[in-house]
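Report on one structure; see the data block that follows.
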Amino acid sequence: MNILFLGDITGRSGRDAVSSTLAFLKEKYAINLTIANAENSAHGKGITTRIYNQLRNIGIDYFTMGNHTFSKSEIISHMEDFPRMVTPANHLIDMGDHYLIIDINGIRICLFNLLCEYGIPECDKPLFDCADELLEETEDLGVDIYICDLHGESTAEKRIFAEYYRNRIDVVLGTHTHVQTADECMLDNTAFITDVGMCGAIESIIGRDIDECIRNRIFHEKTRYTIADGKGMVCGVVLVIDDHNKKVVDIKRIRINA
Ligand code: FE2
């Protein structure tokens with residue numbers, strides 16, 4: 001079995017890039033299950049019901065989020081409209097499902113989402129305590145494969161997490177920086193990458209408008225949060241699962257232009 005995980009879908013460019021390439025990726029890699037980080041899908045911050053449904057309709061099965069999970073208010077008032085989504089278990093807003101059990105091809109997957117502590121002010125609970133609690137809470141649920149979207153700024157923190165949970169959490173996928181790293185590997189039985197990268201505008205500053213970022217950073221102009229438009233790229237990984245022993249055996253990195 002093969003699982004596709006797509007990095008942070010950012011604004012319209014990201015959504016369009018995923019929409020135009022997903023069928024191709026699914027066929028090429030014989031994908032059985034598609035998961036995407038959607039915390040930047042609604043104009044760079046958060047998600048709306050409309051966009052959630054749009055992403056479901058183009059073929060994404062489940063969603064992870066991040067520090068911007070609750071940036072759009074309608075998710076707070078209509079959490080029930082986002083049933084196939086995990087929210088970070090250590091976000092200061094404690095809402096939504098902190099893990100989901102996904103049964104597919106006789107394999108039980110536990111999908112969850114955590115915020116790193118470094119540089120993420122929305123992180124409200126120590127990362128490692130939170131992961132330990134989640135593993136304990138789910139230990140009797142017959143989970144075959146744990147998949148963690150680890151949303152964080154620090155490359156080292158993500159690798160420390162993966163090493164500490166080596167062979168206990170089966171998949172640790174970094175998100176948030178929007179820059180794909182080339183360090184995908186198997187740490188024994190744990191698939192790891194520091195950052196999956198984003199699905200968003202190629203010509204951008206991690207998805208944002210270049211000119212606006214320059215005006216803000218160099219000339220200290222007060223700016224809106226404008227998402228770059230134009231041609232998008234799709235970054236992700238494919239996780240290869242051995243159906244017999246129900247373990248992850250490989251991680252392949254993907255980056256294509258739409
Ligand atoms: Fe983020």
Side-chain angles (χ1 to χ4, degrees), residues 5-15 17-18 35-48 51-52 55 60 62-76 82 85-98 111-127 130-131 147-162 171-181 192-201 204-209 212-213 216-217 223-228 232-237 255:
F5 184 98
L6 298 175
D8 311 35
I9 300 173
T10 304
R12 183 185 298 275
S13 278
R15 301 194 308 270
V18 172
I35 304 165
N37 182 300
E39 74 130 9
N40 304 115
S41 57
H43 203 75
K45 288 184 178 176
I47 190 167
T48 60
I51 288 173
Y52 174 89
L55 294 173
I60 296 168
Y62 289 91
F63 300 88
T64 59
M65 297 295 282
N67 53 310
H68 290 305
T69 303
F70 303 101
S71 295
K72 299 282 184 283
S73 59
E74 67 177 82
I75 193 173
I76 295 175
F82 303 84
M85 169 190 289
V86 287
T87 57
N90 55 349
H91 196 290
L92 56 87
I93 298 177
D94 184 11
M95 282 187 78
D97 290 317
H98 292 159
L111 176 67
F112 64 103
N113 193 187
L114 294 170
L115 300 177
C116 286
E117 294 174 32
Y118 178 84
I120 307 280
E122 294 86 351
C123 176
D124 192 41
K125 196 173 176 185
L127 169 64
C130 204
I147 299 179
C148 176
D149 174 339
L150 183 58
H151 199 75
E153 190 71 38
S154 161
T155 50
E157 190 177 12
K158 290 189 246 185
R159 180 71 187 234
I160 292 166
F161 183 94
V171 180
V172 177
L173 303 176
T175 58
H176 177 69
T177 73
H178 292 199
V179 179
Q180 188 179 70
T181 56
F192 172 68
I193 185 167
T194 298
D195 208 294
V196 173
M198 73 164 176
C199 302
S204 72
I205 310 284
I206 62 169
R208 276 184 74 182
D209 180 77
E212 179 183 271
C213 289
N216 176 263
R217 175 65 180 82
T223 52
R224 297 171 59 234
Y225 196 91
T226 305
I227 292 300
M233 64 177 163
V234 169
C235 292
V237 292
R255 179 181 163 162

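First listed ligand is number 1; within each ligand, the first listed atom is number 1.
- Counted within 6.0 Å of OH on Tyr225, heavy atoms from surrounding residues, nucleotides or ligands total more than 12; the atom is thus considered enclosed.
- Listed by chain and number, Glu39 OE2, Asn67 OD1, His151 NE2, His176 ND1 are the protein N/O/S atoms closer than 2.8 Å to the Fe ion (ligand 1), with waters left out.
- Using modelled atom types and a 3.5 Å distance limit, the side chains of His151 and Asn67 yield a donor-acceptor pair.
- By the side-chain hydrogen bond (donor to acceptor under 3.5 Å, both in side chains) test, Gln180 is found to be paired with Arg253, residues two or more places apart in sequence or in another chain being considered.
- Under a cut-off of 6.0 angstrom, the local environment of CZ in Arg15 is crowded, with over 12 non-hydrogen atoms contributed by other residues, nucleotides or ligands.
- Taking the six-membered ring where the residue is Trp, Tyr52 and Phe82 present perpendicular rings, their angle passing 60° and hence far from 30°.
- Looking only at atom types and distance, the side chain of Thr64 has a donor-acceptor partner in the side chain of Asp149 under 3.5 Å away.
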